[in-house]
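Counting starts at 1 for both ligands and their atoms, in listed order. Only this structure's heavy atoms are used, side chains among them; waters, hydrogens and symmetry mates stay out.
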Amino acid sequence: MTQNAHMTQIQTAIAEVRLTILRAEEKYGRTANSVELLAVSKTKPIPMVQEAIKAGQLLFGENYVQEGVDKIAQLQQANCCWHFIGPLQSNKTKLVAENFDWMHTVSRTKIAQRLNEQRPEHLPPLQLCLQVNLDDEHSKSGITNINDLKAVADSIATLPNLKLRGLMSIPTHSNEFNTQRASFAKVREMFETLKSDYPELDTLSMGMSGDLDAAIAEGSTMIRVGTAIFGQRDKK
Ligand SMILES: *Cc1c(COP(=O)(O)O)cnc(C)c1O
């Protein structure tokens, strides 16, 4: 038996993902520990999240508002940082503004304005990423060009209860490293362009279980990993 025999599957999986991140940082000339791990716990029950917390995991991503709000309420003692990463209808912004620390999928000024108005006074500003979509211009989710991106960023800069941190992207699925990398490179270029106006931006939220190496190669600072930590999800 190894000394890790007592570790649960989730704890082992987190250790493995952290090692994968470290190796990719080394391979692509990134500073060690410059890429944060967001554990995507959507559809997974609270005991599984608690196992991850035992492994020292503190950043969690949720896609469904009510499910996320329930977990946040039940895990209040744990000092976790909760990121909303799913699509958001404008009638659900209040729950995100009142409960989450970060929001990754803003692509319209109207949603940002609602989040700003609904963010409670006693909380720090909601940390924000703008979602970009550079692979599929016909898709509804995500900003597709630099002019729109700058316009939304400029209006967020006037909103005191929001703090823009960077960009988020979910590229079109591919199993091929070079294709994945080319998609992430486009996001990185747009990030660099936006940073010439907003040099304080520090977050590039990109990379999931199947493409995190390519994302780290292209400058990701936060990968969002579900399956590789918690296992397959049941199909909805
Ligand atoms: C589900 C989801 C993830 C995690 O995907 P895995 O392939 O399970 O790692 C990451 N980001 C977003 C936006 C998601 O919806």
Does some side-chain heavy atom of M103 sit less than 4.5 Å from a side-chain heavy atom of L88?
yes
Under 4.0 Å from one or more heavy atoms of R224, ligand 1 contributes atoms 4 (C), 9 (O), 10 (C), 11 (N), 12 (C), 13 (C)
From atom 4 (C) of ligand 1, work out which of S41, G231, G226 has a heavy atom at the shortest distance.
G226
Could you check whether W82 and F60 have their ring centres less than 6.0 Å apart?
yes
Could you see which bit of I170 sits under 4.0 Å from ligand 1, with heavy atoms only: side chain, backbone, both or neither?
side chain
When rounded to the nearest 0.5 Å, the distance separating CD of E117 from CG of L159 is 8.5 Å
What do we get for M168 next to ligand 1 when only non-hydrogen atoms under 4.0 Å count, side chain, backbone, both or neither?
side chain
Please answer whether the main-chain N or O of G86 pairs with a side-chain N or O of T105 as donor and acceptor at a distance below 3.5 Å.
yes
Report the relative orientation of the aromatic rings in Y28 and F177; use parallel for angles under 30°, tilted for 30 to 60°, perpendicular for over 60°.
parallel
Subset of ligand 1 atoms that lie under 4.0 Å from at least one heavy atom of K42:
1 (C), 2 (C), 3 (C), 14 (C), 15 (O)
Per-atom contacts of ligand 1 with T227, taking only distances under 4.0 Å to non-hydrogen atoms:
6 (P), 7 (O), 8 (O), 9 (O)
Protein contact to atom 10 (C) of ligand 1 [nearest heavy atom, distance to 0.1 Å]
M208 SD, 3.1 Å
Can you establish whether the number of heavy atoms outside E26 located under 6.0 Å from its atom CD is more than 12?
no
So is R233 touching ligand 1 or not, going by heavy atoms under 4.0 Å?
yes
Near N63, which atoms of ligand 1 are under 4.0 Å from a heavy atom of that residue?
14 (C), 15 (O)
Numbered in order shown, the ligand 1 atoms found under 4.0 Å of a heavy atom of V225 are 9 (O)
Tell me whether Q77 at atom CD has more than 12 heavy atoms from other residues, nucleotides or ligands lying less than 6.0 Å away.
no
I'd like to know if the side chain of E25 reaches the main chain of S34, judged simply by a donor and an acceptor atom lying under 3.5 Å from each other, with no hydrogens or angles considered.
yes
Numbering the atoms of ligand 1 from 1, which are under 4.0 Å from a heavy atom of S209?
6 (P), 7 (O), 9 (O)
